[in-house]
Amino acid sequence: MQTNLNELFQNFIEKPSLFTKKEALSPTYLPSTPLHREKQIKQLGTILAPTLRNEHISNIMIFGWTGVGKTAVTKFVVNGLSTMAEKISAPIETIYINCKMEKINTEYRLLARVAEELGEKVPMTGLPTDRVYRTLFKTINRASAHIIIILDEIDSMDQASEGLYDLTRINYELTSGARTSIIGISNDLNFIDSIDSRVKSSFSGEELIFPPYNAIQLTDILKQRAEEAFLPATLQPGVIEKCAALAAQEHGDARRALNLLRVAAEIADRTGSEKIREIHVQAAEERIDTESISEVTRTLPKQTQTVLWSIFHLNEVKGEDLSTGNIYSHYSDTCRQIGLTPLTQRRVSDLISELDILGIITAKIISKGRYGRTREISLSLGNKHILKLNQILSEELFME
DNA sequence: CCTCCACCGGAACGTGAGGAGT
DNA sequence: ACTCCTCACGTTCCGGTGGAGG
């Protein structure tokens, strides 16, 4: 055993890796120039330029599907702006916050996070919100710079629209030369409609829309990254095109294309292949799907897992329709079985909606006339996935 | 055309954990 | 030690509703 393990590690070290620079395939990696986004770069640059002369600019909203270069372009342009500002010593400061990853979903957290970014320490909880606002105000006023706040995945903070309002109204109170501008990045085109009208009117400004990439553009992007990531001639012809084609089918998502290529390379690497072939891409596609959905399922709260388990089980019993009431009673039984206190139906109804949003199930409200109104639930996954998830759930719920 | 089922989904409120300030 | 914050997660209460069957 000992020797085997040593051998394994030894082999691993000695075997040449296919990668020369794996980070180049990461979705957060910033290439020197984002490809096929010249128009957007120019637009954004034009809007931001007046800050260099200390002139006032409007807020900006950027829309587009995931993986169409919104974040990359914004960072690219803002970085350019910062370097220029430094050169001519214009007082510009930029702040980047990813609302979803940092779980910025309340007014308090948004304000606290911005203040923190400006060097002011604010506790994560405990203070009254208006006090956080005061500290933030003072800090910004003192800084007397033009502060550009980039809020990525802004649509994930639906409760925090009050905070957006604060960040815009702060401009009317500032007495020094300070200003704030917001760049909001959103996957959801309807985001603007969903926020409070009061916020909307104070927030409104320029809107940029990023179209999806087509297969040819994706190919270019992948080639650019692959040049950095791999030794030449590691890729079999057709591999990049295949990744691009697969990703183009799904609203031209460059992130997905890069993921495919990276996972394909990892598979090739692990199986000892010296080249990356199309079969590796195929394997990668399958693996990405199952892995992400499995991970989501595993990390679901126990109650939600139990609901999902019940849905799967009812689905196997034919003749039973998947309605909220049915699921709820099956769920309560299961809870008793595994020693969990059942939640109310109202709550379970919300959990079902959450599963719907996650894309594991599809819930549609239908009316059965005399026999009431309910959600009709169907599974939106293939059999292979369901089997896998079932296995995960039984491990999670019935073990230990 | 009306009724009435079986839920939907908004809103207010409760609880308990994490923390600040005095 | 005590009061006052935020916030996640639930519960309680309740008005609302599409359409099959009378």
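Proteins get letters first, then strands, A, B, ... in listed order; numbering begins at 1 in each. Reckoned from all heavy atoms, side chains included, excluding hydrogens, waters and symmetry mates.
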So which protein nitrogen or oxygen atoms get under 3.5 Å of nucleotides 19-22 of chain C's nitrogens or oxygens?
| unit_1 | atom_1 | unit_2 | atom_2 | d |
| --- | --- | --- | --- | --- |
| dG19(C) | O4' | S367(A) | OG | 3.1 |
| dA20(C) | O4' | R370(A) | N | 3.4 |

All pairs passing salt bridge (charged side-chain N to carboxylate O under 4.0 Å, His left out) where residues 254-265 of chain A contributes a residue, at least two apart: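 Every pair satisfying salt bridge (charged side-chain N to carboxylate O under 4.0 Å, His left out) with a residue in residues 254-265 of chain A: E250(A)-R256(A), R256(A)-D289(A), R262(A)-E266(A).
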Qualifying salt bridge (charged side-chain N to carboxylate O under 4.0 Å, His left out) pairs, either residue in residues 363-389 of chain A, two or more places apart: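 Non-adjacent pairs meeting salt bridge (charged side-chain N to carboxylate O under 4.0 Å, His left out): E286(A)-K384(A), D321(A)-K368(A).
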For R346(A), all residues meeting salt bridge (Lys or Arg N to Asp or Glu O under 4.0 Å), sequence neighbours excluded: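 Partners of R346(A) under the salt bridge (Lys or Arg N to Asp or Glu O under 4.0 Å) test: D350(A).
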Sequence neighbours excluded, every pair satisfying side-chain hydrogen bond (donor to acceptor under 3.5 Å, both in side chains) that has a member inside residues 81-90 of chain A: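 Every candidate side-chain hydrogen bond (donor to acceptor under 3.5 Å, both in side chains) pair involving residues 81-90 of chain A fails, so no pair, neighbours aside, qualifies.
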Residues within residues 341-363 of chain A bordering DNA chain B, heavy-atom distance below 4.0 Å: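 Contacts with DNA chain B under 4.0 Å: Q345(A), R346(A), S349(A).
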Phosphate-side-chain proximity, N105(A) and dA8(C), N/O vs OP1/OP2 below 4.0 Å: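 N105(A) to dA8(C) OP1/OP2: side-chain N or O found under 4.0 Å.
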Residue-phosphate contact under 4.0 Å: T374(A) side-chain N/O, dA6(B) OP1/OP2: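 Answer no for this pair, as no side-chain N or O of T374(A) is under 4.0 Å from OP1 or OP2.
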Pairs involving residues 62-98 of chain A, ordered by first then second residue, that meet ring-ring contact (aromatic ring centres under 6.0 Å, His included) (sequence neighbours left out):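 For residues 62-98 of chain A, and leaving out neighbouring residues, the ring-ring contact (aromatic ring centres under 6.0 Å, His included) pairs sorted by first residue read W65(A)-H251(A).
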Let me check something: any side-chain donor-acceptor pairs from residues 206-220 of chain A under 3.5 Å, sequence neighbours excluded? List them with distances.
| unit_1 | atom_1 | unit_2 | atom_2 | d |
| --- | --- | --- | --- | --- |
| Y213(A) | OH | V68(A) | O | 3.4 |
| N214(A) | OD1 | I216(A) | N | 3.1 |
| N214(A) | OD1 | Q217(A) | N | 2.8 |
| Q217(A) | OE1 | N214(A) | N | 3.0 |
| T219(A) | OG1 | A215(A) | O | 2.6 |
| D220(A) | OD2 | H36(A) | NE2 | 2.8 |

Nearest-Å distance, [atom1] ([X]) to [atom2] ([N])?
X: I366(A); N: dC5(B); atom1: CD1; atom2: P; result: 18 Å
X: K364(A); N: dC8(B); atom1: NZ; atom2: P; result: 15 Å
X: K103(A); N: dT6(C); atom1: NZ; atom2: C1'; result: 16 Å

Strand contacts (DNA chain C) in residues 120-131 of chain A, 4.0 angstrom heavy-atom criterion: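 Of all residues in residues 120-131 of chain A, the ones placing a heavy atom under 4.0 Å from DNA chain C are T125(A), G126(A), L127(A), P128(A), T129(A).
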Parallel, tilted or perpendicular, as decided by the 30° and 60° cut-offs, for the rings of F137(A) and Y133(A):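 Taking F137(A) first and then Y133(A), their aromatic rings lie parallel (interplane angle under 30°).
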Exercise answer: donor-acceptor pairs, residues 117-131 of chain A side-chain atoms, under 3.5 Å, sequence neighbours excluded:
| unit_1 | atom_1 | unit_2 | atom_2 | d |
| --- | --- | --- | --- | --- |
| E117(A) | OE1 | R113(A) | NH1 | 2.6 |
| E117(A) | OE1 | R113(A) | NH2 | 3.3 |

For S181(A), all residues meeting side chain to side chain donor-acceptor pair (under 3.5 Å), sequence neighbours excluded: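 Partners of S181(A) by the side chain to side chain donor-acceptor pair (under 3.5 Å) criterion, ordered by chain and then number, come out as H146(A).
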T299(A): side chain to side chain donor-acceptor pair (under 3.5 Å) partners, not counting sequence neighbours: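 In terms of side chain to side chain donor-acceptor pair (under 3.5 Å), with neighbours along the sequence ignored, T299(A) is linked to no residue.
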